[in-house]
Every structure is written in C-alpha cells, then in structure tokens.
Amino acid sequence: MPEMLVYVLLMYVGGEQQPDFRVHFRTLSQCSKHKVAIEHQSGADFPYIFPKTNRFSLLCMPKIVTSEQAGREIIFHDLPDVEVDD
C-alpha cells in the first residue's frame, strides 16, 4: 500500500496537546502559513508583524499515512497559491 508524507498542525495549551485540534496539510509550507496566521490571529499577507498570542502554541509535525487514509479519513486544508498582480 503506497504511503505519503503529510504534515499535521497541532495545538498546545499550557504544555498540553489539544487532542481535538489536528489539521492536516500536504505540504510543510501550507502548514507553516496556517501556523503563523493562527498564532498571530491575522490572515494578512505578513501576519508576523502583529503580536503573537500567548494563549496557545502550534507545531507542524510530519506524519506518514497510507494513500487510502488520505482519501477517506483525512481532509487536507491546503489552500491554492494565488498570484497577486501588482
């Protein structure tokens, strides 16, 4: 059965992992973008210019899943990259 590497965004509150918060991504870059946007609570182009929350922390972790799991049990939250015309 073919396997694939995915990334899971995990949330920690007070050092404890929140088991009900697991967001899956196909790429590390998408996971990282979401991590920064959520931590800074901003969807702006450069969210890291805003203060970071101190209520929780996020971590992108790699995970090996089967192709069958990826199609049935896991929903990916990758957003398509949109080119911006200047």
Side-chain angles (χ1 to χ4, degrees):
M1 193 172 307
E3 295 179 329
M4 60 188 292
L5 177 64
V6 300
Y7 296 90
V8 184
L9 185 59
L10 303 173
M11 179 183 284
Y12 291 85
V13 177
E16 299 277 329
Q17 181 183 344
Q18 301 301 298
D20 55 340
F21 187 91
R22 291 177 186 230
V23 185
H24 291 82
F25 298 92
R26 287 186 181 95
T27 65
L28 180 57
S29 62
Q30 283 288 319
C31 187
S32 297
K33 284 181 187 178
H34 280 77
K35 174 188 178 300
V36 170
I38 294 169
E39 284 179 336
H40 295 275
Q41 300 183 11
S42 171
D45 288 340
F46 304 101
Y48 49 83
I49 62 173
F50 295 103
K52 192 174 179 180
T53 184
N54 62 358
R55 298 184 184 272
F56 57 84
S57 60
L58 299 168
L59 182 64
C60 289
M61 292 293 294
K63 178 180 177 181
I64 301 282
V65 298
T66 65
S67 296
E68 187 175 294
Q69 284 177 302
R72 293 184 183 182
E73 301 168 20
I74 297 173
I75 298 172
F76 293 103
H77 292 85
D78 297 75
L79 297 173
D81 288 328
V82 177
E83 291 186 27
V84 178
D85 294 331
D86 290 329

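None of the values given here were measured: they were computed from a predicted structure. Residues: numbered from 1 along the sequence shown.
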Going by heavy atoms in the side chains, are H77 and F25 under 4.5 Å from each other?
yes
Taking atom NE2 of H40 and atom NZ of K52, what is their separation to the nearest 0.5 Å?
5.5 Å
Working to the nearest 0.5 Å, report the span between OG of S29 and NE2 of H34.
10.5 Å
Any sub-3.5 Å donor-acceptor pair from D78's side-chain atoms to R26's backbone N or O?
yes
Can you tell me if Q69 uses its side chain to pair, donor with acceptor, with the backbone of T66 under 3.5 Å?
yes
Taking every heavy atom of S42 against every heavy atom of F50, the minimum-distance pair comes out as OG-CE1, 3.4 Å
Identify every side-chain donor-acceptor pair in residues 55-64 under 3.5 Å, counting partners at least two apart or on other chains, and give the distances.
none

Side chains of residues 4-24: which donor-acceptor pairs under 3.5 Å do they make with residues two or more places apart or in other chains?
unit_1, atom_1, unit_2, atom_2, d
Q18, NE2, E16, O, 3.3

